[in-house]
4 protein chains.
Amino acid sequence: MTGLTARQKEIIEVAVKLMAEGGIQNLTMKNIAHAMNISEPAIYRHFESKMDILLSMLTQFKQHSNDHLRSARALNGSRLAQLETIFLEHAGRFANHPHMTAVVFSEEAFQDDPRLADQVVSIMTTADAIIAEVIAEAQHNGEIRTDLPKEHLTLMILGTLRLMVKRWRLSGYAFDLQQESRQVWNSLKMLLAASSSP
Amino acid sequence: MTGLTARQKEIIEVAVKLMAEGGIQNLTMKNIAHAMNISEPAIYRHFESKMDILLSMLTQFKQHSNDHLRSARALNGSRLAQLETIFLEHAGRFANHPHMTAVVFSEEAFQDDPRLADQVVSIMTTADAIIAEVIAEAQHNGEIRTDLPKEHLTLMILGTLRLMVKRWRLSGYAFDLQQESRQVWNSLKMLLAASSSP
Amino acid sequence: MTGLTARQKEIIEVAVKLMAEGGIQNLTMKNIAHAMNISEPAIYRHFESKMDILLSMLTQFKQHSNDHLRSARALNGSRLAQLETIFLEHAGRFANHPHMTAVVFSEEAFQDDPRLADQVVSIMTTADAIIAEVIAEAQHNGEIRTDLPKEHLTLMILGTLRLMVKRWRLSGYAFDLQQESRQVWNSLKMLLAASSSP
Amino acid sequence: MTGLTARQKEIIEVAVKLMAEGGIQNLTMKNIAHAMNISEPAIYRHFESKMDILLSMLTQFKQHSNDHLRSARALNGSRLAQLETIFLEHAGRFANHPHMTAVVFSEEAFQDDPRLADQVVSIMTTADAIIAEVIAEAQHNGEIRTDLPKEHLTLMILGTLRLMVKRWRLSGYAFDLQQESRQVWNSLKMLLAASSSP
DNA sequence: AATGAATGAGTATTCATTCAT
DNA sequence: TATGAATGAATACTCATTCAT
């Protein structure tokens, strides 16, 4: 349960879109109002402040992210399959909602308020922790090579994912992110593979 | 030759510091003037506009980056050693000038002006191209495994580097970036290694 | 008869309290609604406008004041006793309803609307006239010295009362207004006393 | 030394005039700008904020008040003459600068900010203390009756002065304040007089 | 009798920039 | 080379009020 009204969700959606189009600088109350065909003060019926909108935006994003991570963890398959799901679904989410990349990469803009910054860090930390966990299990399983610390592998997987998405965004969503992510994952899988001949 | 006067460099330095401290929102003409103990109009003696400052900032950053990349390429050692130099020196530069991370991660803020956005893309593309080139050569050499496309390896190396630096920044520069980068590079090297038993 | 419904009285009461707490600036429809746990539009069921609330507030205050003055005038005792009653009961009313001081001393805030300003002047003028009347009678009686014009004595009595209450308010209601008013009245009485040895 | 620039004094003067005309509600940055034929932002070159203007206004008023009190205290004549000077000059100041009454009687509007409220209290307290001091000396001298505590006499003198000025203001400056103040002072003098026949 | 949604007009303040000196 | 004064446009936010339900 999000606890958000339909109108609140609508506002957040518009806000994300505006950020995607022109960065944080484009996210003004005026622009939100314009995009929704209402007056500026009307927004304040639904959110107490602009900060509140940003906070709700991050909270919603965080919830979705955690849901995805949790459902991937619940899968029956191997740990590697869980990792793959996480990687591909993450990319898939962005592919289906390109605007959402704006949220991830506007982290810096959120830096100036402690509450926003905390949320950002919390989102990153959670993803990090869960992926590291899966990797650790996969290493125990013998599914993933054990000659590298799980922290480094986590860093590589997430770093690769992020840069891939960032490039997609910088390119103006010019290539097929989903297809690309599948290929990149295949490469990652080869790197992670436990050496067959010990 | 940079073509920048001493005063211009000073302004850029202050601008970078301000961005590092409080993001793009903190980078105002007023703040620059304050930090330099001059009046706001005085800045316009040195730069035509704020955009000009940002542009010069990116240009300078780009030049330094390219210099580093070029000098690494000029090294006599193996291709892998060149890659290592690129990776470690990149991290080293940030370690010595933490403010500079603000420039890299404010990319999104630069998105709203095409000239700035172009510079950002150009910086990333150049690094990408050169690293891909080194990897290709290393693959030919037999220094790096050939079962993965060079584009993916480039993506992984740069993605890992970026995320490591980002975490360092988000942590408030809390850990030793240089030491961490050495350890991470070691792990990367193991992943890149050509399989010893053909 | 006040002609005010229970709900209207409630609104006025809340309005006075809000003014007492934070001045006229604190008296907003939003704050009234909040304090009463109803919605803003609901207030308009009971008053046509905010101005109407203020007007009713002043009217109510005026009625109470006049009632007090009239009942003091109806007393059987000496004129001086009537004056004393007026002085002490006035102070007593404030002592029991500290919020009410906000109404008296927000006169300036009411200045910007002619209807409100008129009410304020009317309240002051009435008190003035009645006190002057009592003094005149007391002077005739020989209860009060006759070497000073009744207008000046009125000014002094009311001025003293007002400043005493104002200080009480500025002090955050820190002293016992009722006790203080008794002592001050004793002093006033000594000043007003007809010279015993003519 | 005030430490205020000519422009700052001008702004304060305009601000006082606006308050005199329509209360605190009339004192907006827009109105100040309009009255000075400059733009709103221009004001911020001279004062950091609106609060700053109000604070400077009170500080200036306080300084003038204290100067007057001090110079009256420095007079050679009797204590009663000093009191008279204080009373008449106070009234005279208002008579010559009717707008200034707005400052005194907007005390309530200043109540909502602690710094402003403190200044108000400080102004009142200082005048109070000095007048009480003069009265005490005059009582020792035998110039003023000693059967009343100096605090009560102070309250009466200041209260009378304030209410007189307030009425002048409410009347739209309709009577001659200076003449009235002389007559009222004569009455006060008679009340204060030490009884001639001991 | 009451509300959720909305609004036009206004609030203080900030920003990059210009201009006369 | 630098500044003091100024500005148009924008910013987040508030206010009393209206209207359909």
Side-chain angles (χ1 to χ4, degrees), chain A residues 5-8 10-11 24-34 36-54, chain B residues 5-8 24-33 36-54, chain C residues 5-8 11 24-34 36-54, chain D residues 5-8 10-11 24-34 36-54:
Chain A
T5 68
R7 205 68 165 148
Q8 282 178 319
E10 214 179 322
I11 290 173
I24 259 267
Q25 327 230 38
N26 196 39
L27 181 53
T28 67
M29 299 306 268
K30 196 182 191 174
N31 287 349
I32 295 177
H34 256 77
M36 297 187 67
N37 258 319
I38 57 173
S39 70
E40 293 185 51
I43 303 171
Y44 288 87
R45 281 279 146 195
H46 306 284
F47 285 104
E48 278 207 342
S49 66
K50 187 182 172 181
M51 179 64 63
D52 234 52
I53 298 177
L54 290 170
Chain B
T5 67
R7 205 72 166 143
Q8 282 178 319
I24 259 268
Q25 327 230 38
N26 197 38
L27 181 53
T28 67
M29 299 304 268
K30 194 183 188 177
N31 287 350
I32 295 177
M36 299 187 65
N37 259 320
I38 58 174
S39 72
E40 294 182 54
I43 303 171
Y44 288 86
R45 289 278 147 196
H46 307 286
F47 285 105
E48 276 208 343
S49 67
K50 187 183 173 182
M51 180 63 64
D52 235 53
I53 298 178
L54 290 171
Chain C
T5 67
R7 205 73 166 143
Q8 281 178 319
I11 289 174
I24 258 268
Q25 327 231 37
N26 197 39
L27 180 54
T28 68
M29 299 304 269
K30 195 182 186 177
N31 286 350
I32 295 177
H34 252 80
M36 297 187 65
N37 259 320
I38 58 174
S39 72
E40 294 182 53
I43 302 172
Y44 289 86
R45 287 279 146 196
H46 308 285
F47 285 105
E48 277 208 342
S49 66
K50 186 182 173 183
M51 180 63 63
D52 236 52
I53 298 178
L54 290 171
Chain D
T5 67
R7 206 68 166 147
Q8 281 179 318
E10 213 180 322
I11 289 173
I24 259 269
Q25 326 230 38
N26 196 40
L27 181 53
T28 67
M29 299 306 267
K30 197 182 191 175
N31 287 349
I32 295 177
H34 256 76
M36 296 187 67
N37 259 318
I38 57 174
S39 70
E40 294 184 51
I43 304 172
Y44 288 87
R45 282 278 146 196
H46 306 285
F47 285 103
E48 278 207 342
S49 66
K50 186 182 173 182
M51 180 62 64
D52 234 52
I53 297 178
L54 291 171

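Chain identifiers are assigned alphabetically (A, B, ...) following the order of the sequence lines, protein sequences preceding nucleic acid strands; residue numbering begins at 1 within each chain.
- The interatomic distance linking C:His34 (NE2) with F:dC15 (C1') rounds to 15 Å, in whole Å.
- Close to E:dA2, at under 4.0 Å from its OP1 or OP2, lies a side-chain N or O of C:Arg7.
- Here E:dG10 presents its C1' atom at 15 Å from CD1 of D:Ile32, a figure rounded to the nearest Å.
- D:Gln8 places a side-chain N or O within donor-acceptor distance of the main-chain N or O of D:Thr5, the cut-off being under 3.5 Å.
- Nucleotides of DNA chain F nearest to B:Ser39 and D:Ile43 differ in position, and the one nearer the 5' end is that of B:Ser39.
- Between the CG atom of C:Asn37 and the C1' atom of E:dA1 there is a distance of 16 Å, given to the nearest Å.
- Both D:Arg45 and A:Arg45 sit near DNA chain F, but only D:Arg45 has its closest nucleotide nearer the 5' end.
- Rounded to an integer number of Å, the gap from B:Phe47 CZ to F:dA2 C1' is 17 Å.
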inquiry  = With side-chain contact (heavy atoms from CB on, under 4.5 Å) as the criterion, how do D:Ile43 and D:Met36 come out once you've worked through the C-alpha distance, each side chain's angles and the decisive distance to 0.1 Å?
reply    = CA-CA 9 Å; D:Ile43 304 172; D:Met36 296 187 67; 5.6 Å; no
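- Applying the salt bridge (charged side-chain N to carboxylate O under 4.0 Å, His left out) test to D:Glu40 and every residue at least two apart in sequence or in another chain returns nothing.
- Consecutive Watson-Crick or G-U pairs involving DNA chain E, each under 3.5 Å on both distances, make up stems of three or more pairs at E:2-21 with F:2-21.
- Nucleotide F:dA12 holds its C1' atom 13 Å from the CG atom of A:Asp52, rounded to whole Å.
- Atoms CE (D:Met36) and P (F:dA6) sit 7 Å apart, rounded to a whole Å.
- Within the structure, every side-chain polar atom (N or O) of A:His46 is placed at least 4.0 Å from both OP1 and OP2 of E:dG4.
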Within the sub-3.5 Å range, which N or O atoms of nucleotides 11-14 of chain E have a protein N or O partner, and how far apart are they?
unit_1	atom_1	unit_2	atom_2	d
E:dA12	OP1	D:Lys50	NZ	2.9
E:dA12	OP2	D:Met29	N	3.1
E:dT13	OP2	D:Tyr44	OH	2.8
E:dT13	OP2	D:Lys50	N	2.9
E:dT13	O5'	D:Tyr44	OH	3.2

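- Side-chain contact check for C:His46 versus C:Asp52: every heavy-atom pair is 4.5 Å or farther apart.
- Annotation: side chain of B:Ile53 is in contact with side chain of B:Ile32 (closest heavy-atom distance under 4.5 Å).
- A donor-acceptor pair is defined here as one N or O able to donate and one able to accept, closer than 3.5 Å; no such pair exists between the side chain of A:Lys30 and the backbone of A:Ser39.
- When side chains are defined from C-beta on, C:Leu54 counts as touching C:Leu27, because their heavy atoms get closer than 4.5 Å.
- Residues B:Asn26 and B:Asn31 share a closest heavy-atom pair of O-ND2, 2.8 Å.
- Closest approach of D:Arg7 and D:Ile38 over heavy atoms only: NH2-CG2, 3.4 Å.
- One atom, CG of A:Leu54, and another, C1' of F:dA12, lie 12 Å apart when rounded to the nearest Å.
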